[in-house]
Amino acid sequence: MLRDFQTALGRLVRAPAWGDKPLERIADLDLSETERAMIAAALLKPSVAFLVKAQRSWARFKSGEAAALTLSILDAARREALVEDWIELGGGTDFLIISEANAFLDYIAERLPNPSHELSICRMEQAVHLANGGARSYAPLAVDTALAAPQLIKHTEATLVDFYADPNVLFDCIHGQKPLPPVEAYTASWLIAPGIPGLYQLASAEQVRAMHQLVQATTPQALLQLVSRQTFDELCSVGAIALGPVHTFFPDRVQV
């Protein structure tokens, strides 16, 4: 089948090393003997080896760019292992940088201690990618529209990220390449949304409560029982609230 033949070529191009038995990587595909022979012959060509090397180099670069800050605070061995494992799974090939970044940062986050500064930075970097993508077409939700809506929900491009040390101290250590501070009790949250100048701000207690409530569809009246009208209006203006129900790809509050 043509699809399986194309899949076979894609697998072998993405493979980190063919080893002695490269065709074992495609043993499960529906290929004719002629197609298998064609692939085996192609693997002997220097041009194909160059293509594999170039593709992996590009995938490694793209993955590194997508999660640059998070990877920078991991030790070299861990960083290299995450990137190589991600590429082995087919990562680094998405044409869209935002979707590539979200997927790779999700992959990294699942392998980091919780709570940890590394996880906070990972989720922050992920949220910035998402908000930055939304900022290009950002339009605030009109307060009157929000008040009249049957339901509201957190906007998919808005995220609350928790920190377990003073964020200023944490980032001073990162930029100064100093050891990270000890993990403390929950310290602060950043609200990251497309309408915020610079994309982030320190979240107030009311904003934290509102974003937590908005993880599921809620009425404007229920939300206004938790927060002031001023906070409600601010969240509408920065793109943190959307008309519900909508699909929420990210949780309202990233628990790290």
What is the distance from atom CZ of Phe163 to atom CG of Leu119, rounded to the nearest 0.5 Å? 10.5 Å
How long is the span from the SG atom in Cys173 to the CG atom in Leu180, to the nearest 0.5 Å? 6.5 Å
For a 4.5 angstrom cut-off between non-hydrogen side-chain atoms, does Tyr200 reach Val128? no
4.5 Å side-chain heavy-atom contact, Trp190 and Ile196: no
Are the side chains of Leu69 and Phe171 in contact, using a 4.5 Å heavy-atom criterion? yes
With salt bridge (charged side-chain N to carboxylate O under 4.0 Å, His left out) as the rule and sequence neighbours excluded, what pairs involving residues 107-119 come up? none
To the nearest 0.5 Å, what is the distance between CD1 (Ile153) and CD1 (Ile241)? 11.5 Å
Donor-acceptor pair, distance only, cut-off 3.5 Å: does the side chain of His117 make one with the backbone of Pro182? yes
Could you tell me if the side chain of Asp85 sits less than 4.5 Å from the side chain of Tyr107, heavy atoms only? yes
When you compare the side chain of Asn132 with that of Ile98, does any pair of heavy atoms fall below 4.5 Å? no
With sequence neighbours excluded, tell me which residues meet side chain to side chain contact (heavy atoms under 4.5 Å, CB included) with Ala142. Thr145
Of all residues at least two apart in sequence or in a different chain, which pass the side chain to side chain contact (heavy atoms under 4.5 Å, CB included) check with Ser137? none
Check for a donor-acceptor pair, side chain of Ser120 on one end and backbone N or O of Asp162 on the other, with a separation under 3.5 Å. yes
Could you name each residue pair satisfying salt bridge (charged side-chain N to carboxylate O under 4.0 Å, His left out) that touches residues 183-204, not counting sequence neighbours? none
Here the gap from Leu71 atom CG to Glu65 atom CD, rounded to the nearest 0.5 Å, amounts to 10.0 Å
Any pair with a residue in residues 67-81 that passes side chain to side chain donor-acceptor pair (under 3.5 Å), sequence neighbours left out, goes on the list, sorted by first then second residue, please. Thr70-Glu125
Is Leu130 close to Ile192 at the side-chain level, that is, under 4.5 Å between some pair of heavy atoms? no
What pairs of residues pass the side chain to side chain donor-acceptor pair (under 3.5 Å) test when at least one of them lies in residues 221-236, not counting sequence neighbours? Glu206-Ser228, Glu206-Thr231, Ser228-Thr231, Arg229-Asp233, Gln230-Glu234
Under 3.5 Å, is there a donor-acceptor pair between the side chain of His129 and the main chain of Asn102? no
How about Leu152 and Leu243: do any of their side-chain heavy atoms sit closer than 4.5 Å? yes
